[in-house]
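Read the numbers this way: they start at 1 and go in the same order the structure lists the ligands and their atoms.
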Amino acid sequence: MSRKVIIAGNWKMNKTAAEGKALVEALKPLVADVCPECAEIVVCPPFTTLAAVVEAARGSNIKVGAQNVHWAESGAFTGEISAAMLKEAGAEFVILGHSERRQYFGETDETVNKRLKAALAAGLKPIVCIGELLEEREGGRTEEVLARQLEGGLAGLTGEEMSRVVIAYEPVWAIGTGKTATPEMAELTHNFIRCTLNDLFGREIGEGVRIQYGGSMKPENAKELVAQRNIDGGLIGGAALKAESFSALIHNAIAK
Ligand code: PEP
């Protein structure tokens, strides 16, 4: 089954509205040659930068996502943002369960699942992050951890809903550290994730789900990683913050 490559930039808590607009304006001409059939390009700015980036990306092949969403429609949830608010701001995608949210903000598989259901109900396209800590990999528990995150995070989804979800496999020890999983190591894990999705949702759905790799993906290693059978793109932190490096990474990732 052929799956369209998806490269998403997670800007984290970087870029004001003016800086985000400038980054997208610089990126647009650099990626204008990437045909929509070849790859989906997504940038995920902070909430307050969303509207400016949506405006700057209008009419281009760059899509926009948010970095989190709350599960409630509205109410007394100080500091939170609803799916309807993201839709109104022009977001198409939303990152859920990033390891930084799990590590610093108490995110669990259960809260990821609630956010995921709210995002899907609102018509957002979720990118659900999973990944093991260094001690979990070293302790031989990678598969157990990923299976738990998949079963918990995706609990109760129908096959149709699952077909609208992207999974981002991000080994936590590789995020922002410069340490990348080797393409072979990443592929083994992506294959495990694919098999788990097939078990949970059936082959017809599981084989169609796109699984991104994330963790120090750079222009230099993107091609080899995305060439792997079960690696369908990347979720990019550091290398997405400059137009030149993000464009080079995208071009390398889709180079034959
Ligand atoms: C991320 O935070 O999702 C990420 C992959 O970061 P980096 O590319 O900087 O490792």
| So, does His98 sit close enough to ligand 1 that a heavy atom of it is under 4.0 Å from the ligand? | yes
Within a distance under 4.0 Å of any heavy atom of [X], pick out the atoms of ligand 1 and give their elements.
{"X": "Ile175", "value": "1 (C), 2 (O), 4 (C), 6 (O), 10 (O)"}
{"X": "Asn10", "value": "2 (O), 3 (O)"}
{"X": "Lys12", "value": "1 (C), 2 (O), 6 (O)"}
{"X": "Gly176", "value": "7 (P), 9 (O), 10 (O)"}
{"X": "Ala174", "value": "10 (O)"}
{"X": "Gly215", "value": "5 (C), 10 (O)"}

| Taking C-beta and beyond as the side chain, do Val24 and Val64 meet within less than 4.5 Å on heavy atoms? | no
| query | Does some side-chain heavy atom of Arg194 sit less than 4.5 Å from a side-chain heavy atom of Asp232? | reply | yes
Who's closest to [atom] heavy-atom-wise, of [options]?
{"atom": "atom 9 (O) of ligand 1", "options": "Gly238, Gly131, Ala239, Cys44", "answer": "Gly238"}
{"atom": "atom 5 (C) of ligand 1", "options": "Glu100, Glu170, Gln212", "answer": "Glu170"}
{"atom": "atom 6 (O) of ligand 1", "options": "Gly237, Ala240, Gly9", "answer": "Gly237"}

| said: Quiz question: by atom type and distance under 3.5 Å, do the side chains of Asp109 and Gln149 form a donor-acceptor pair? | reply: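 Looking only at side-chain atoms, Gln149 and Asp109 do not form any donor-acceptor pair under 3.5 Å.
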| query | Judged by modelled atom types alone, do His98 and Gln103 share a side-chain donor-acceptor pair under 3.5 Å? | reply | no
| Leu96 backbone acceptor or donor facing Arg101 side chain under 3.5 Å |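 Flag not set: sc Arg101 to bb Leu96 has no pair under 3.5 Å.
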| query | Just distances here: any N/O of Thr177 and N/O of ligand 1 closer than 3.5 Å? | reply | no
| said: Taking distance alone, with N or O pairs closer than 3.5 Å, would you say Gly214 contacts ligand 1? | reply: no
| Cluster overlap Ile127 with Val112, hydrophobic side-chain contacts below 4.5 Å |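 Hydrophobic grouping puts Ile127 apart from Val112.
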| query | Considering the options Asn191, Thr189, Ile193, Val209, which one meets the side chain to side chain contact (heavy atoms under 4.5 Å, CB included) requirement together with Asn230? | reply | Asn191
| task | Fit a plane to each ring of Tyr169 and His190, take the angle between them on a 0 to 90° scale, and name the class: parallel (under 30°), tilted (30 to 60°) or perpendicular (over 60°). | result |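 Tyr169 and His190: perpendicular rings.
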